[in-house]
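These notes concern the structure reproduced below.
Here is the naming used below: chain letters follow the sequence lines, and residue numbers restart at 1 for every chain. What you see is a predicted model; the values in this text were computed from it and never measured.
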There are 4 protein chains.
Amino acid sequence: MATSPTFQNLPSDKQERILDGALSEFADKGYARASLNSLVARLGIAKGSIFQYFTDKAGLFAHVFDFAVNRVKNHLRGVREETRGADVFTRIRLSVLAGLGLIEKNPRLFRLYLKIMFEGDIPFRAQLLQSILLFGRDYIVDLLRDGVESGELDPNLNLELAAFVVEAVLERFLVASAVEHMDPDLGLFAAGQERAEELVGQVVMVLKHGLAGKY
Amino acid sequence: MATSPTFQNLPSDKQERILDGALSEFADKGYARASLNSLVARLGIAKGSIFQYFTDKAGLFAHVFDFAVNRVKNHLRGVREETRGADVFTRIRLSVLAGLGLIEKNPRLFRLYLKIMFEGDIPFRAQLLQSILLFGRDYIVDLLRDGVESGELDPNLNLELAAFVVEAVLERFLVASAVEHMDPDLGLFAAGQERAEELVGQVVMVLKHGLAGKY
Amino acid sequence: MATSPTFQNLPSDKQERILDGALSEFADKGYARASLNSLVARLGIAKGSIFQYFTDKAGLFAHVFDFAVNRVKNHLRGVREETRGADVFTRIRLSVLAGLGLIEKNPRLFRLYLKIMFEGDIPFRAQLLQSILLFGRDYIVDLLRDGVESGELDPNLNLELAAFVVEAVLERFLVASAVEHMDPDLGLFAAGQERAEELVGQVVMVLKHGLAGKY
Amino acid sequence: MATSPTFQNLPSDKQERILDGALSEFADKGYARASLNSLVARLGIAKGSIFQYFTDKAGLFAHVFDFAVNRVKNHLRGVREETRGADVFTRIRLSVLAGLGLIEKNPRLFRLYLKIMFEGDIPFRAQLLQSILLFGRDYIVDLLRDGVESGELDPNLNLELAAFVVEAVLERFLVASAVEHMDPDLGLFAAGQERAEELVGQVVMVLKHGLAGKY
DNA sequence: AATGAATGAGACTTCATTCAT
DNA sequence: GATGAATGAAGTCTCATTCAT
C-alpha cells in the first residue's frame with residue numbers, strides 16, 4: 001500500500017534483501033532508534049533510494065511489518081494443520097515448541113513484535129498490534145474449541161478465559177526465549193534453553209491439571 | 001552512588017518532583033529516546049542542573065530505576081503480609097489485583113520495566129532485569145510454598161514450574177493493563193478494565209483446576 | 001582512510017577551501033578549542049556536512065595535519081634540491097630563510113605544529129610529532145653529512161650534536177616569526193622582521209665559528 | 001593587583017595550596033581548557049570562593065602566572081650568583097643544567113610558559129610573555145658580557161646575536177625536557193634523559209668552537 | 001566570608017529528509 | 001531510476017559565572 005511501483009519493479013531478491021536488512025535494523029533497535037544511515041550502509045544502496053521506495057521511514061517500517069507478519073502467520077498455519085488430529089494438550093505443547101523453534105531460527109521476528117508492543121510512538125502501532133493479537137488469540141481459541149468438540153475439554157470451560165491463560169504461558173515462553181537471545185546470562189528460562197522441550201511438556205501438564213491437582 | 005551530593009541536598013519535594021518527571025520521561029519513551037531537553041523543559045529547570053545532579057543520562061536513569069523499584073517492592077511486601085493467612089489462590093488473586101491496582105495508580109512503573117526488558121542498549125540492563133525478575137519469582141515461589149505447607153497444594157507439585165505458570169498469568173495481566181493505558185482501544189484485556197476484578201477471579205479458577213478440570 | 005568517499009568526491013577546490021578553513025581554525029585555536037560551529041559558519045556550509053566528510057573532529061584534524069605537513073615537506077624538499085652544490089653554511093642559511101619565507105606566506109602551518117607540540121590531548125599527538133620531528137632532523141643531518149663529505153666540516157664532528165644546535169637555531173627563528181605574527185609588538189625577533197635576512201646570515205656566522213671564535 | 005583582600009587574608013598555606021592547584025590545572029590544560037570545576041573539586045573548596053578571590057578565571061590566571069614566574073626568577077638568580085667566577089661556557093652549561101633540573105623537579109613551570117607562548121587568547125598574553133622573555137635574554141646577555149669583560153670572548157662578538165644562539169639552545173633543551181615529560185617515548189632528546197648532563201656538555205662544546213671548528 | 005545550586009551558551013554528534021545531477 | 005551531497009533540528013554534555021543563603 002505504502003510501496004511505490006519503483007520498489008515493486010525491483011528484482012524480488014533485491015526486494016527481499018532490503019526488507020530483511022530493514023527487519024534486522026528495526027528488530028535490533030526499535031523504530032525510533034533504527035537508523036536509515038546504518039541500514040543503507042549495510043545494504044550498500046543509496047540513501048535516496050529508500051525514500052523513493054517507501055516515501056518515509058514510517059512507510060519502510062509498515063512494509064517490514066507486513067513482511068515479518070506474513071512469515072509468522074504462514075509458519076503458525078502450518079503448525080495448526082500438521083497437528084490437527086492430535087489431542088489438545090499435545091497441540092498446545094507443539095504450538096509452543098513451534099514458536100520457540102521459530103524464534104530460535106529467526107529471533108528478529110519476535111523481537112520486532114516486542115518492540116512494537118512496548119515502544120511509544122510507532123506509526124500505526126495500535127493497528128499493527130491488533131492484527132497480531134487477534135491472530136494469536138483466534139489461533140488458540142480455535143485449538144481449544146477443537147478440544148471441546150472432541151470431548152477432551154469440559155463444554156462449560158470459558159474459552160476466552162482459558163485462551164487467556166494459554167496465551168500467557170505461550171508468551172512467557174517466547175519472551176523468555178527472545179530475552180535469552182539478548183542476554184544469555186539472564187536465566188529467565190528457569191532452566192537451560194536446551195531443556196526447553198522437557199520444560200514445555202511439564203508446564204503444559206501443570207496447565208492441564210491445575211495448581212490444585214494431584215501430582 | 002550515582003547521585004551527586006548536590007542532589008542529595010535538594011529539598012526532598014524537589015528531589016521527588018525531578019525523579020517523578022524523569023520516571024515519566026523514561027517510561028514514556030524508553031532510555032534512548034527519552035530526552036533530557038524535554039525533561040528539563042517540563043520540569044522548568046536548567047539543562048545544566050540535571051548534570052549537576054546525576055553526572056550522566058545513565059546516572060539519572062539508574063536513580064530513577066531505584067526510585068521505581070523501591071516503590072514496587074514496598075507495595076508488594078505490603079500485600080504479602082496483609083494476605084498472610086488467606087488461602088493460596090486468594091493470595092494469588094489478591095496479588096494480581098494489587099499489581100493491577102498499582103499500575104492503575106502508577107502506570108509508569110510497569111511501563112518502565114517493560115522498556116528495560118525489551119530495549120537494547122540500556123545501561124546495566126541485565127543487572128537491572130535480574131534484580132526485578134528474582135524478586136518477582138521469589139515472591140511467587142514463597143506464596144506457593146506457603147500453600148504447600150498449609151496442605152492446600154500437593155507437596156509433589158514442582159514449585160518452579162508452577163511459579164512459571166503463575167508468573168506468566170500475572171505478567172499477562174500487567175502487560176494487558178499497561179498496554180491498555182497506552183492504547184485504550186486495543187482491547188487486549190479481552191474484557192473492559194472495569195471488569196478486571198471478576199476476570200482475575202475467573203482466570204485464577206482456571207489456573208486452580210486446570211484446563212482439563214470439571215466446570 | 002580518515003576521509004569519507006563523500007569528501008573525496010567533492011570538487012577539489014571545495015576540498016581545498018574546507019581544509020584550508022579548518023587549518024586556520026586549528027592553527028588559531030588548537031585542537032580542543034577549535035570550534036566546528038565557527039568553522040562551518042566561516043565556510044558557509046552546514047554543520048552536518050563536516051561529519052559526512054570526516055566522521056569526527058579528530059578525523060578532520062588528522063586530514064588537516066596531512067594537508068599541512070605535505071605542503072611543508074614539499075617546500076623543504078625543493079630547498080634541499082635547489083641548494084645542492086652550495087657550501088653547507090649557505091645551505092643552512094637558505095634553509096632557515098626558506099622556512100621563514102614559508103611562515104611569512106603561511107603562518108598557520110608552523111602555528112599548527114606548535115599547537116600539536118604543546119597541547120595536551122591531541123589525537124595521535126605523539127605519532128604526529130614523530131613524523132614531523134624525524135623529517136626535520138633527517139633534513140638537517142643530511143645537510144651536515146653533505147658538508148662532511150665535501151670536506152667543509154671536520155669528519156670528527158658529531159653530526160647528531162651539531163644537528164641539535166642547528167635545529168635549535170632554526171626552530172628559534174621559526175618560533176620567533178610565528179609568535180611575531182600573533183603578537184607583532186612582542187619584539188621576540190630582537191630585530192625588526194624586515195632585517196631577518198641579515199640577522200639570519202649573522203647568526204649562521206656565529207654558529208659557524210663558535211662563540212669562542214675570532215670576530 | 002587583581003587579588004581581592006579576601007584572598008590576601010587567607011592563611012598563607014591555603015593561598016599556596018590554591019595557587020599551586022591552579023598552576024597544575026593551567027599547566028596541564030592551558031588557559032581555555034582549564035576547568036574551574038575540576039580545580040575546585042580537587043582543592044575541595046567552593047566554586048564561589050574562586051570568584052570572590054580573583055573575580056575571574058582571567059584574574060586567577062594572572063595570579064598563578066606571578067606565582068610561577070617568581071619561583072623561576074628566584075631559581076635563576078641563584079644560579080647566576082653561584083656560578084659567578086666560573087668561565088663563561090661552564091656558566092652556560094650550568095645554567096642549562098639548572099633549567100633542566102628545575103623542570104625535572106617542577107615540570108609545570110615550563111609547561112605553563114609554553115602554553116602561554118603558543119595558545120591563542122590568553123589574557124594579557126603579550127604582556128606576560130614580554131616579562132619572561134626579557135628576563136631570559138637579559139640573563140644570557142649578562143653572562144656573555146661577563147665573558148667579554150674577563151677576556152674569554154672576543155669583544156667584537158655581537159652579544160645580541162650570540163645570545164640569540166645560546167637562548168635557542170637553552171630553549172631547545174628545555175622544550176625537549178618538557179615534551180619528554182608529556183611523551184616519554186617521543187625521543188625528542190636524541191639521547192636518554194639520564195645522559196642529559198653529558199649531552200649538554202658536548203652541545204656547549206659545539207657552541208663554543210662552532211660547526212666549522214676542528215674536533 | 002563561604003557556600004553551592006542554578007543557569008544557559010556553546011561544544012560535538014546523529015539523523016531523517018530533500019533535491020540536483 | 002538511482003545517487004549521494006547538503007541540510008538543520010535535536011541530542012547529550014561541559015563550563016564559567018551569578019547570587020541567595
Where is the tightest heavy-atom contact between [X] and [Y], given as atom of each residue plus distance?
| X | Y | answer |
| --- | --- | --- |
| E25(C) | S35(C) | OE2-N, 2.9 Å |
| A22(A) | V64(A) | CB-CG2, 3.4 Å |
| S38(A) | K29(A) | OG-NZ, 3.5 Å |

Grab the [atom1]-[atom2] distance between [X] and [N] for me, whole Å please.
| X | N | atom1 | atom2 | result |
| --- | --- | --- | --- | --- |
| K47(C) | dT12(F) | NZ | P | 15 Å |
| L39(A) | dT3(F) | CG | C1' | 16 Å |
| Y53(C) | dG4(F) | OH | P | 14 Å |
| F61(D) | dC15(F) | CZ | C1' | 18 Å |
| Q52(A) | dG4(F) | CD | C1' | 12 Å |
| F51(C) | dA9(F) | CZ | P | 16 Å |
| F54(B) | dT12(F) | CZ | P | 15 Å |
| R33(D) | dA16(F) | CZ | C1' | 15 Å |

Given DNA chain F, 5'-ward residue of the pair I45(C) and L36(B), judged by closest heavy atom: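 The residue closer to the strand's 5' end, by nearest nucleotide, is I45(C).
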Position toward the 5' end of DNA chain F (nearest nucleotide), K14(C) or Y31(B):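 Its nearest nucleotide being more 5', the pick is K14(C).
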For chain C, the stretch of DNA chain E it reaches, first to last nucleotide, under 4.0 Å of its heavy atoms: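 The footprint of chain C covers dA11(E) to dT14(E).
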Mind checking if [X] touches a base, just sugar-phosphate, or nothing, with heavy atoms under 4.0 Å?
| X | answer |
| --- | --- |
| D56(A) | sugar-phosphate |
| T6(A) | sugar-phosphate |
| A58(A) | nothing |
| I50(C) | nothing |
| A34(D) | sugar-phosphate |
| A41(D) | nothing |

Does F118(A) have K115(B) sitting over its ring (NZ/CZ under 6.0 Å from centre, angle to axis within 45°)?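 The answer is no; the distance or angle limit is not met.
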Does Y31(A) use its side chain to pair, donor to acceptor, with the backbone of A58(A) at less than 3.5 Å?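 Answer holds: yes.
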Ring geometry between F7(B) and H63(B) (parallel below 30°, tilted from 30 to 60°, perpendicular above 60°):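 H63(B) vs F7(B) ring planes: perpendicular.
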Taking 4.0 angstrom as the limit, do D121(D) and R33(C) come out as a salt bridge?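 Salt bridge present between D121(D) and R33(C).
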Between D20(B) and R108(B), is the closest basic N to carboxylate O distance under 4.0 Å?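 Counted as a salt bridge, because a side-chain N and a carboxylate O are separated by less than 4.0 Å.
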Using the closest heavy atom to pick a nucleotide of DNA chain E for each, name whichever of G48(A) or L10(D) lands nearer the 5' end.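 Checking each residue's closest nucleotide, the 5'-ward one belongs to L10(D).
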Pick one: which of L23(D), L112(D), D56(D) meets side-chain contact (heavy atoms from CB on, under 4.5 Å) with F61(D)?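 The residue from L23(D), L112(D), D56(D) that satisfies side-chain contact (heavy atoms from CB on, under 4.5 Å) with F61(D) turns out to be L112(D).
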Quick one: is dA10(F) close enough that its OP1 or OP2 comes under 4.0 Å of any side-chain N or O from N37(B)?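 Looking at the OP1 and OP2 atoms of dA10(F), neither is under 4.0 Å from any side-chain N or O of N37(B).
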When you check the phosphate oxygens OP1 and OP2 of dG11(F), does a side-chain N or O of S35(B) lie under 4.0 Å from one of them?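 S35(B) to dG11(F) OP1/OP2: side-chain N or O found under 4.0 Å.
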Can you sort out the partners of D66(A) under salt bridge (charged side-chain N to carboxylate O under 4.0 Å, His left out), two or more places apart, ordered by chain and number?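 Expected list: none.
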Please give the angle, rounded to 10 degrees, between the axes at the start and the end of the helix from dA2(E)-dT21(F) to dT21(E)-dA2(F), where five pairs define each axis.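 Answer rounded to 10°: the end axes differ by 10°.
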